[in-house]
Chemist: 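First the structure, then my questions, so here it is.
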Amino acid sequence: MYPYGLGLNPYPSSPTPSYIDSQILGGKTHKDAKQAIVTCISDLFSKLEGANPTDRDFRLITMIQDVGSGKTHLAFHIKGLPDLFEKTVTSYVDLSQVSPRDIHNIYDSILGGFSPDDIESLRRNILYFLCKKADSHGSSVRKAFNYGFLDSLSGNKHLKQRAEEILKGKHKLNFQYVSEVLATEFSEIQIEIINSLLEDRLRSDVEKIRSLEGVINSLSAIANLNLKLLNKITIFQFDEFDSKKESLEFIKAIINAHIPSSILMLILTPCSYDEIKKENSSVFDRLEKANYKIDLAGSNTLGELKDIIFEYIKHYDEKGNFDSQQESDLESKIKLVYDEFPDFRNVRSMLNIFYHATEQASKKGSYFLDESIIDETIKSIYPGSKIRGSVMNVPLSDFIHIKRGVDNTEMIESDIREAIRNLLTLTNYEGYVNELDFDNHVGEGIDVTYNDTYGSKIAVSVVLNDEPIKMKAQISNASKSLSIVDKLVVLTGKASRVLGGTSRNGNDVTTIVNMDNTKIVDLIYFNKKYKKQEILNDDLERAITLARSIKLC
């Protein structure tokens, strides 16, 4: 059993989406993009109903965003939408897998991008079309189906049965008569495509294409057949579109051809888009004039990622176990990962983390995804990753526990003072500071004094007061010590400017160190390990780095 009573892990396990996983779509950005594409498809489809397609019946869509933003997922989602099944035939091509990118390989990839079901449906409808032509071309149709004398005695009623047998490979067509039947309604290249389809040699005939123009003509013929025989428009999806010369030449040719009853969808990154602008201004100009320019910017925001992660759970939560309380609890975990690990702020990385965390939870028999499980997951699948800004490499579970109390300054201030004393004790032991004095002999508000390696006397004051007026007063009082010491370091989480004070040599040397929550958590975590005598090896180096980061040495 998996967390939240799920019967399986809801998250995709591979770095690239599968068609099954892609049917789940979360996030407002992705849903809005989906709606735009569906609108484009529906609009074109409605214009072609009962009309002959022209080069005006062509649409261009660009989908742009960074790696891991869900572009391929959305493309697969569109291809597999049940609502579009009656309207579209789609070929998906990943250009990164086409090498070399000559016309034969690209054309072969496009043919391979159509689903077997779409190819089979087209073959079936071609045969049914031939059957219907028996009324006007009776003799030629029967000869095309290789009807013998005994077959002919039954008339035309068994033609569909013969068509099914041909589809199963039990009989073959006589293509001399197929061409004769189709000649009045189909072009020469369309009949050639039809023959290749019926003989199941469409892809093996790729090498017969001699030019880019030949490829475009063949694609136009296929799009026309899809519309005429299936009443569907054709979508050509090109993923990983980039600035390589062969890609640019091919895409430019398709755009210029305005293949009737088709949609060209180009999927690329902002970097590729900029490179295309530099490499080929003509192609870039055409991309700029796309009918729909879909930018998935915003798909990596906290709200979007949360919605996507929830969508997978809700899709498989048949019993409704994932309630509002569990949703709120998981949202806090997602926010923590998002806030503290900037490298994971994309759809792909987040889904990968939650896939492995869900597996971990299942192995441990945990009904929830807690902090320790997520922490273990990140450590195992992204070794070396650490919380943003953390010097002490604080585990996620400890970070969450400590952070919960950080906002209570009254409780945390004494902990920070103790941590500063222990951190200076450690740096003194390591030879970075000298002559520690924890007794206040130099003025009000001073927590510790010491000498640096140059012999200058340093005073440290911890000021975490939430009230600006009181905080200013505390810093001002501490600054009076500058008549006795050479430098004052004020550690605070609120101040943003240097306040008053002159040292005994006449220089203004008050240093305000603004510590964010991560730094405060680091100090408390250090103090916890120090008191347990666990500061060894790498932790020792991290502690010295922490002291330097807050200007203590």
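What you see is a predicted model; the values in this text were computed from it and never measured.
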Chemist: By the definition ring pair (Phe, Tyr, Trp, His ring centres under 6.0 Å), identify the one residue from Tyr312, Phe310, Tyr355 that meets it with Tyr11.
Modeler: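 Answer after filtering Tyr312, Phe310, Tyr355: Tyr312.
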Chemist: Out of Ile41, Ile263, Ile61, which residue meets the side-chain contact (heavy atoms from CB on, under 4.5 Å) rule with Ile78?
Modeler: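 Exactly one option meets the side-chain contact (heavy atoms from CB on, under 4.5 Å) with Ile78, and it is Ile41.
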Chemist: Check whether any side-chain heavy atom of Lys333 lies under 4.5 Å from a side-chain heavy atom of Leu369, and answer yes or no.
Modeler: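 Heavy-atom side-chain distance check fails, nothing below 4.5 Å.
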Chemist: Taking His171 for its side chain and Ile166 for its backbone only, find out whether a donor-acceptor pair lies under 3.5 Å.
Modeler: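 No: the side chain of His171 does not pair with the backbone of Ile166.
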Chemist: Does Ser328 reach the main-chain N or O of Ser324 with its side chain, forming a donor-acceptor pair under 3.5 Å?
Modeler: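 No, the answer is negative, given that no donor and acceptor are paired below the 3.5 Å cut-off.
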Chemist: Could you check if a side-chain atom of Asn224 sits within less than 4.5 angstrom of a side-chain atom of Gln190, using non-hydrogen atoms only?
Modeler: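 Yes, side chains in contact.
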Chemist: Would Asn352 and His356 count as having a side-chain donor-acceptor pair, cut-off 3.5 Å?
Modeler: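 Yes - a donor-acceptor pair under 3.5 Å links their side chains.
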Chemist: Closer than 3.5 angstrom, by distance alone: can the side chain of His30 be matched with the main-chain N or O of Leu296 as a donor-acceptor pair?
Modeler: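 No, because the side chain of His30 does not come within donor-acceptor range (under 3.5 Å) of the backbone of Leu296.
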Chemist: Contact between Glu359 and Tyr2 at the side-chain level, heavy atoms closer than 4.5 Å - yes or no?
Modeler: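 Yes, at least one pair of side-chain atoms sits under 4.5 Å.
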Chemist: Could you tell me whether Asn52 atom CG has more than 12 heavy atoms of other residues or ligands within 6.0 Å of it?
Modeler: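 Not buried by this count: 12 neighbours or fewer within 6.0 Å.
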Chemist: If we ignore hydrogens and angles and just use 3.5 Å, is the side chain of His104 paired with the main-chain N or O of Ile209 as donor and acceptor?
Modeler: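 Yes; at least one donor-acceptor contact below 3.5 Å.
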Chemist: Which value, rounded to the nearest 0.5 Å, describes the distance between Leu229 atom CG and Leu197 atom CG?
Modeler: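 Those atoms lie 9.5 Å apart.
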Chemist: Are more than 12 heavy atoms from other residues, nucleotides or ligands located less than 6.0 Å from atom CD of Glu165?
Modeler: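 Atom CD in Glu165 is packed in, count exceeds 12.
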Chemist: With heavy-atom distances below 4.5 Å as the criterion, would you say the side chains of Thr90 and Phe114 are in contact?
Modeler: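 Counting from C-beta outward, Thr90 and Phe114 never come under 4.5 Å.
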Chemist: Please lay out, stage by stage, how Phe344 and Phe341 fare under the test ring-ring contact (aromatic ring centres under 6.0 Å, His included).
Modeler: CA-CA 6 Å; Phe344 305 150; Phe341 297 92; 5.5 Å; yes
Chemist: Using a 6.0 Å cut-off, check whether atom CD of Glu288 has over 12 heavy atoms from anything other than its own residue.
Modeler: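 Atom CD in Glu288 is crowded, with more than 12 foreign heavy atoms closer than 6.0 Å.
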Chemist: Quick check: are there more than 12 heavy atoms from other residues, nucleotides or ligands sitting under 6.0 Å from NZ of Lys28?
Modeler: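 Not more than 12 within 6.0 Å, no.
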Chemist: Using ring-ring contact (aromatic ring centres under 6.0 Å, His included), reason through Tyr19 and Tyr92 one step at a time and then give a plain yes or no.
Modeler: CA-CA 11 Å; Tyr19 283 110; Tyr92 171 84; 7.3 Å; no
Chemist: To the nearest 0.5 Å, how far apart are CZ in Phe145 and CZ in Arg162?
Modeler: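 Answer rounded to 0.5 Å: 9.0 Å.
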Chemist: Do side-chain atoms of Ser46 reach the backbone of Ser42 as a donor and acceptor pair under 3.5 angstrom?
Modeler: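 A pair under 3.5 Å: yes.
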Chemist: Measuring from Ile110:CD1 to Ser218:OG, what's the distance to the nearest 0.5 Å?
Modeler: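 The OG atom of Ser218 is 10.0 Å from CD1 of Ile110, to the nearest 0.5 Å.
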Chemist: Ignoring hydrogens and geometry, is there a side-chain-to-backbone donor-acceptor pair from Lys133 to Leu182 under 3.5 Å?
Modeler: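 Answer holds: no.
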Chemist: In the structure I gave you, are the side-chain heavy atoms of Pro260 and Thr54 within less than 4.5 Å of one another anywhere?
Modeler: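 No, too far: nothing below the 4.5 Å cut-off.
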Chemist: Look at the side chain of Arg286 and the backbone N and O of Ser282, then say whether any donor-acceptor pair between them is shorter than 3.5 Å.
Modeler: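 Answer holds: yes.
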Chemist: Where is the tightest heavy-atom contact between Leu44 and Ser261, given as atom of each residue plus distance?
Modeler: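 Minimum heavy-atom contact is CD2-C, 4.4 Å.
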Chemist: In Å, rounded to the nearest 0.5 Å, how long is the span from OG of Ser299 to CZ of Arg345?
Modeler: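 These two atoms lie 13.5 Å from each other.
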Chemist: Look only at the side chain of Ser380 and the backbone of Thr377, and say whether a donor-acceptor pair between them is shorter than 3.5 Å.
Modeler: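 Yes, because the side chain of Ser380 sits within donor-acceptor range (under 3.5 Å) of the backbone of Thr377.
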Chemist: Which atoms form the tightest heavy-atom contact between Gly27 and Ile308, and what is the distance?
Modeler: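 Looks like N-CG1, 3.8 Å.
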Chemist: How long is the span from the CG atom in Asn195 to the CG atom in Leu202, to the nearest 0.5 Å?
Modeler: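 So the gap between those two atoms works out to 11.0 Å.
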Chemist: Could you point out which residue of Thr234, Thr88, Asp118, Asn231 forms a side-chain hydrogen bond (donor to acceptor under 3.5 Å, both in side chains) with Asn226?
Modeler: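 Among Thr234, Thr88, Asp118, Asn231, the one meeting side-chain hydrogen bond (donor to acceptor under 3.5 Å, both in side chains) with Asn226 is Thr234.
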Chemist: Rounded to the nearest 0.5 Å, how far apart are CG of Asp94 and OG1 of Thr16?
Modeler: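 Going from CG on Asp94 over to OG1 on Thr16, the span is 8.5 Å.
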Chemist: Measure from NZ or CZ of Lys228 to the centre of the six-membered ring of Phe129 and say whether it is under 6.0 Å with the direction within 45° of the ring axis.
Modeler: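 No - Lys228 does not lie over the ring of Phe129 by the 6.0 Å and 45° rule.
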Chemist: Are the side chains of Leu302 and Lys335 in touch, meaning some heavy atoms are under 4.5 Å apart?
Modeler: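 SC-SC contact between Leu302 and Lys335 confirmed.
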Chemist: Could you check whether atom NZ of Lys172 has more than 12 heavy atoms from other residues, nucleotides or ligands sitting under 6.0 Å from it?
Modeler: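 Not more than 12 within 6.0 Å, no.
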Chemist: Under a 4.5 Å cut-off applied to non-hydrogen side-chain atoms, are Leu225 and Ile193 in contact?
Modeler: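 Yes; the side chains approach each other to less than 4.5 Å.
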Chemist: Any cation-pi pair here, Lys232 with Phe85, using under 6.0 Å and within 45°?
Modeler: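 Because its charged atom sits under 6.0 Å from the ring centre and within 45° of the axis, Lys232 does stack over Phe85.
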Chemist: Where do Leu8 and Tyr316 land on the side chain to side chain contact (heavy atoms under 4.5 Å, CB included) test, with the steps shown first?
Modeler: CA-CA 8 Å; Leu8 49 74; Tyr316 291 103; 3.7 Å; yes
Chemist: So does Ala253 get a backbone contact from the side chain of Asn256, meaning a donor-acceptor N/O pair under 3.5 Å?
Modeler: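 Not a single qualifying donor-acceptor pair exists.
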Chemist: Looking at every heavy atom in both Pro17 and Phe76, which two are closest together, and how far apart are they?
Modeler: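 Scanning both residues completely, I find the closest heavy atoms to be O-CE2, 3.2 Å.
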Chemist: So which atom in Asn291 and which in Leu60 form the shortest heavy-atom distance, rounded to 0.1 Å?
Modeler: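 Shortest heavy-atom contact: OD1-N, 2.7 Å.
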Chemist: Evaluate whether atom NZ of Lys314 has more than 12 neighbouring non-hydrogen atoms of other residues, nucleotides or ligands under 6.0 angstrom away.
Modeler: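 Yes, NZ of Lys314 has more than 12 neighbouring heavy atoms, counting only those of other groups under 6.0 Å.
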Chemist: Pair Ser332, Leu336 - check side chain to side chain contact (heavy atoms under 4.5 Å, CB included), show working.
Modeler: CA-CA 6 Å; Ser332 67; Leu336 189 75; over 6 Å; no
Chemist: Is Glu376 reaching over with its side chain to a backbone N or O of Gln360, donor-acceptor style, under 3.5 angstrom?
Modeler: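 It does not hold such a pair.
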Chemist: In terms of side-chain heavy atoms, does Ser115 have a donor or acceptor partner in Asp117 at a distance below 3.5 Å?
Modeler: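 Note: Ser115 and Asp117 side chains miss the donor-acceptor criterion.
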Chemist: Hey, does Pro100 have a side-chain heavy atom less than 4.5 Å from the side chain of Asn105?
Modeler: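 In contact.
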